[in-house]
Structure formats: C-alpha cells, structure tokens
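Input: a single structure, listed below in structure tokens.
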Amino acid sequence: MLKRVDSATHALGPLDLAPQAVLNVSLACLHHDKGIDFETGADDLNAYKAAYFRLDGQVVALIYHEGEPQGTISVYLDRGLGPKKVKKAVQSVATELGIDFALVGWLETETLRHHAD
C-alpha cells in the first residue's frame with residue numbers, strides 16, 4: 001500500500017534515491033485527479049515539487065524538476081535496487097495510483113550500484 005510521508009517530519013530517514021522511471025503523467029493530474037499534494041523545494045539542479053511515500057517498506061518519491069518536460073514526473077527509488085526490483089516497484093506505484101503501466105515513458109534497466117536483483 002502506498003502511504004504518504006511528509007518529508008518535514010524527518011520520518012524518511014537517510015536516503016539515497018535516484019530517478020528510476022519517468023511517468024507520462026502531469027503534476028496537475030496527480031494533484032487534481034489523485035489528490036496528491038506536492039511539497040516545494042530546491043536542490044543543486046533547480047526548483048522542484050515532490051511527494052514522498054512508503055511502499056512495501058521502501059521510500060518512493062515522485063519529483064518534478066522545473067525545466068523537465070511538462071506532462072511527466074520522475075519516480076525516485078533507492079539507488080541500489082536492481083532492474084527487476086525497480087520494475088516491480090514502478091509497477092506497484094502505477095497500480096496504487098491507478099495509472100496504466102503503459103504510461104511509463106522510461107524505466108531504468110541498469111543496476112546503478114551493481115547490486116544483484
């Protein structure tokens with residue numbers, strides 16, 4: 001089950017997240033149709049809007065950085081996940097959000113830290 005986590009409460013703990021997928025779904029759609037409220041922030045890249053969740057014990061972040069293509073949002077997961085676990089997690093996120101998996105425009109297929117699936 002996808003459970004919302006507020007990053008301001010520090011309930012996320014230490015994280016090493018990386019972009020693992022891009023959904024062809026707009027921030028507005030997720031906000032208006034799915035009821036997701038996004039936090040604003042800025043990092044070394046630029047300003048962003050993010051929503052953090054827990055799914056099966058792992059942290060999932062939906063992040064849109066200014067300047068990225070409109071109508072898309074990135075799915076951030078633990079950097080150490082292998083391709084099979086990434087695909088399974090992204091499928092779970094899509095299912096929980098009621099989004100067709102066909103709307104996944106990009107999916108990480110490399111093991112970012114060379115961990116085994």
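Nothing fancy with the numbering, it's 1 onward along the sequence.
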Query raised in the report: Out of V86, V93, T109, V75, which one pairs with Q20 under the side-chain contact (heavy atoms from CB on, under 4.5 Å) rule?
Result: V86
Requested in this report: Compare all side-chain heavy atoms of L23 with those of T72 and state whether any distance is below 4.5 angstrom.
Outcome: no
Requested in this report: Identify the heavy atoms of V90 and F101 that sit nearest to each other, and give their distance.
Outcome: CG1-CE1, 3.9 Å
Query raised in the report: Can you tell me if NZ on K34 sees more than 12 non-hydrogen neighbours from other groups inside 6.0 Å?
Result: yes
Query raised in the report: Would a distance-only check, ignoring hydrogens and angles, find a side-chain to backbone donor-acceptor pair under 3.5 Å from R4 to D37?
Result: yes
Query - E108 side chain near P19 side chain, heavy-atom distance below 4.5 Å - result: no
Query - Verdict with supporting geometry, V59 and V5, side chain to side chain contact (heavy atoms under 4.5 Å, CB included) - result: CA-CA 9 Å; V59 173; V5 180; over 6 Å; no
**Report entry** D78 side chain to L17 backbone, donor-acceptor under 3.5 Å
**Finding:** no
Requested in this report: Please round to the nearest 0.5 Å and tell me the distance separating atom CG of L62 and atom CZ of F53.
Outcome: 5.0 Å
Query raised in the report: When rounded to the nearest 0.5 angstrom, what is the spacing between CD1 in I99 and CG in D33?
Result: 9.5 Å
**Report entry** With sequence neighbours excluded, residues passing side-chain contact (heavy atoms from CB on, under 4.5 Å) with A28
**Finding:** S26, H32
Query raised in the report: Passes side chain to side chain contact (heavy atoms under 4.5 Å, CB included), E96 versus L55? Steps please.
Result: CA-CA 9 Å; E96 289 285 328; L55 177 67; 4.1 Å; yes
Query raised in the report: Side chains of V22 and V104: does their closest heavy-atom pair fall under 4.5 Å?
Result: no
Query - Between CD on residue E66 and CG on residue N46, distance to nearest 0.5 Å - result: 6.0 Å
Query - Spacing of OG belonging to S92 relative to CG belonging to L77, to within rounding of 0.5 Å - result: 10.0 Å
Query raised in the report: What distance separates L27 CG from Q70 CD, expressed to the nearest 0.5 Å?
Result: 9.5 Å
Query raised in the report: Are Y64 and L103 connected in a single hydrophobic cluster, I mean Ile/Leu/Val/Met/Phe/Trp/Tyr linked by side-chain heavy atoms less than 4.5 Å apart?
Result: yes
Query - CD1-CG distance between I73 and L97, expressed to the nearest 0.5 angstrom - result: 9.5 Å
Report task. Say whether, by atom type as modelled, one donor and one acceptor occur between the side chain of K49 and the main chain of F38 under 3.5 angstrom. Result -> no
**Report entry** Any donor-acceptor N/O pair, H65 side chain to Y48 backbone, under 3.5 Å
**Finding:** no
Query raised in the report: Are I63 and W106 connected in a single hydrophobic cluster, I mean Ile/Leu/Val/Met/Phe/Trp/Tyr linked by side-chain heavy atoms less than 4.5 Å apart?
Result: no
